[in-house]
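Since this is a predicted model, take the numbers as computed values, not measurements.
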Amino acid sequence: MRTIGGFLPLHLDAIATARASVLSAWRPAGHSMCTRATARAALLSVLARVKPTALALPAYTCPHFAHDMAAGGVPLVHYSVGRRLDGGAASVAGLPAHAAIVVNCLFGRPVADELRAALAAKPDLYVIEDRAQALDAGPPWADITLYSPRKVVGVAAGGLAIGQDSGEEGGDLRDDIVDRMAPSLWRLEDRDHVAASHWYPLFKSQEERPIDPGAAMLRSSLLILDRVEIVPMVERRKANWRVLHRHFGERTLWPEESNPAFAPLGYPLFCDDPRAVQGILAADGIFCARHYEGLVAPASEFDVEHEVSARLLTLPCDHRYGENDMIRLANAVRSALVRSGSR
């Protein structure tokens, strides 16, 4: 029975739904939604129902994602995506019948048309479009579209698998709600950015904890997704990319993307020693990610992807920042490249 009285919860229910919210862009009318504490858990729930003969992963994918998928019991195969990380069309025809395949929107960039055409020519495949890094990658087209909102929006946790037949599942509450919200709440309250030594370890511990396939997505995350306007965030990310591209267009993964049609996760930069550059920038209060170190796909078969992994650094360019921030970032990166000896 619903309780009456007691203390007030966070005042999120009363905030009006956005006219063009993140959630409305991600979940078109008529699509069901499976939610879990993480996107990986949501996908495992879908795969348990679909029961594919194998799961094909791009050779360039998040190691945590690959390990959790392997633990799900479906046989894994990898396919090459090449130096630009947008290939894979040539591998599709050789995949087992009735397999599932994951295709990535790396750095927010939509799946290449050539790969989509190859997938359309093999209708027995169950296609999972992984938009963990994508805020806005266009209308959904795959059997399942996977989102990890905390990577692109300010929510504490959660994962969504959206599609025509994803199943309306929500998981169960766990007693670790406070732990899951702690990193984001600490970051919110740390307005002067003086407590990184406290909230960053909390964030890392959440990243590395074992997956709980049945844990529910936080309701606060869903409410935020339904109340945040998507368009301003998309436009700010594009503008920030354009600033960085003027400085580093010759060093990026996709030099032709001077004016991206997509909302980028970050700016992928090639350098000889990304770990050294990352450390120099961190000492200056600029935190860059590595997408991805420690690829699971064997280097003996996927040497190109491993070479890219060894040289790629992600510069932040999300909607929290403006042009002045990007100019500061560009100047700091140029200095770090020189100091690290990177060409």
Side-chain angles (χ1 to χ4, degrees), residues 20-58 61-62 65-66 68-69 72-74 76 79 88 92 95-106 108-113 115-153 155 157-171 211 213-219 221-222 225-226 230 262-263:
S21 72
V22 173
L23 188 59
S24 66
W26 288 1
R27 186 189 188 185
H31 283 58
S32 53
M33 180 170 67
C34 173
T35 62
R36 288 290 188 276
T38 66
R40 287 169 270 163
L43 179 54
L44 286 174
S45 175
V46 171
L47 292 176
R49 182 172 51 78
V50 174
K51 295 180 172 57
T53 56
L55 178 62
L57 300 181
T61 198
C62 172
F65 181 86
D68 285 338
M69 292 304 105
V74 180
L76 293 188
Y79 65 92
V92 170
L95 293 177
H98 305 293
I101 181 172
V102 174
V103 292
N104 286 343
C105 294
L106 279 175
R109 192 169 184 250
V111 174
D113 290 341
L115 178 53
R116 286 186 59 174
L119 293 168
K122 194 171 170 62
D124 64 298
L125 292 178
Y126 190 83
V127 181
I128 302 147
E129 187 186 23
D130 183 354
R131 295 189 178 185
Q133 296 188 354
L135 177 60
D136 180 22
W141 55 273
D143 293 296
I144 287 291
T145 307
L146 195 65
Y147 291 99
S148 184
R150 63 182 177 76
K151 294 182 174 66
V152 291
V153 184
V155 301
L160 303 89
I162 296 174
Q164 298 284 358
D165 62 347
S166 66
E168 290 283 351
E169 302 180 47
I211 189 171
M217 181 174 179
L218 295 177
R219 184 164 175 264
S221 296
L222 279 171
L225 293 177
D226 201 33
I230 191 171
F262 60 94

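Residues satisfying the side-chain hydrogen bond (donor to acceptor under 3.5 Å, both in side chains) criterion with R150, sequence neighbours excluded, are E207. Residues meeting the side-chain hydrogen bond (donor to acceptor under 3.5 Å, both in side chains) test with T61, sequence neighbours left out: N104. The salt bridge (charged side-chain N to carboxylate O under 4.0 Å, His left out) test applied to R109 returns D86, E256, E257, not counting sequence neighbours.
For the pair M217/P149, a side-chain contact is recorded, criterion being any heavy-atom separation below 4.5 Å from C-beta on. Two residues are said to be in side-chain contact when any heavy atoms from C-beta on lie closer than 4.5 Å; L218 and V155 fail this criterion. The shortest side-chain heavy-atom distance between F65 and L146 falls under the 4.5 Å cut-off. Between F262 and C105, every side-chain heavy-atom pair lies at or beyond the 4.5 Å cut-off. Side-chain contact between M69 and L44: present, with at least one pair of heavy atoms (C-beta onward) separated by less than 4.5 Å. Looking at P28 and P139, their side chains never come closer than 4.5 Å, going by heavy atoms from C-beta outward. Proximity of I128 to L55: side-chain heavy atoms (C-beta onward) are separated by under 4.5 Å at one or more points. Within the 4.5 Å cutoff, side-chain heavy atoms of Y147 are placed close to those of I162.
Interatomic distance, R131 CZ to D136 CG, rounded to the nearest 0.5 Å: 8.0 Å. With rounding to the nearest 0.5 Å, the separation of CG in L23 from CG in L222 is 6.5 Å. With rounding to the nearest 0.5 angstrom, the OG atom of S221 is 9.0 Å from the CG atom of L160.
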request  = Output, in order, the C-alpha distance, side-chain angles, deciding distance and verdict of side chain to side chain contact (heavy atoms under 4.5 Å, CB included) for V92 and Y79.
outcome  = CA-CA 8 Å; V92 170; Y79 65 92; over 6 Å; no
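For the pair R116 and W141, the cation sits on the ring face: its NZ or CZ lies under 6.0 Å from the ring centre, inside 45° of the axis.
T53 places a side-chain N or O within donor-acceptor distance of the main-chain N or O of A97, the cut-off being under 3.5 Å. A donor-acceptor contact shorter than 3.5 Å links the side chain of S32 to the backbone of G163. Side-chain N or O atoms of R36 include none that pairs as donor or acceptor with a backbone N or O of R40 at under 3.5 Å.
Heavy-atom neighbours of D113 CG from other residues, nucleotides or ligands within 6.0 Å: at or below the threshold of 12.
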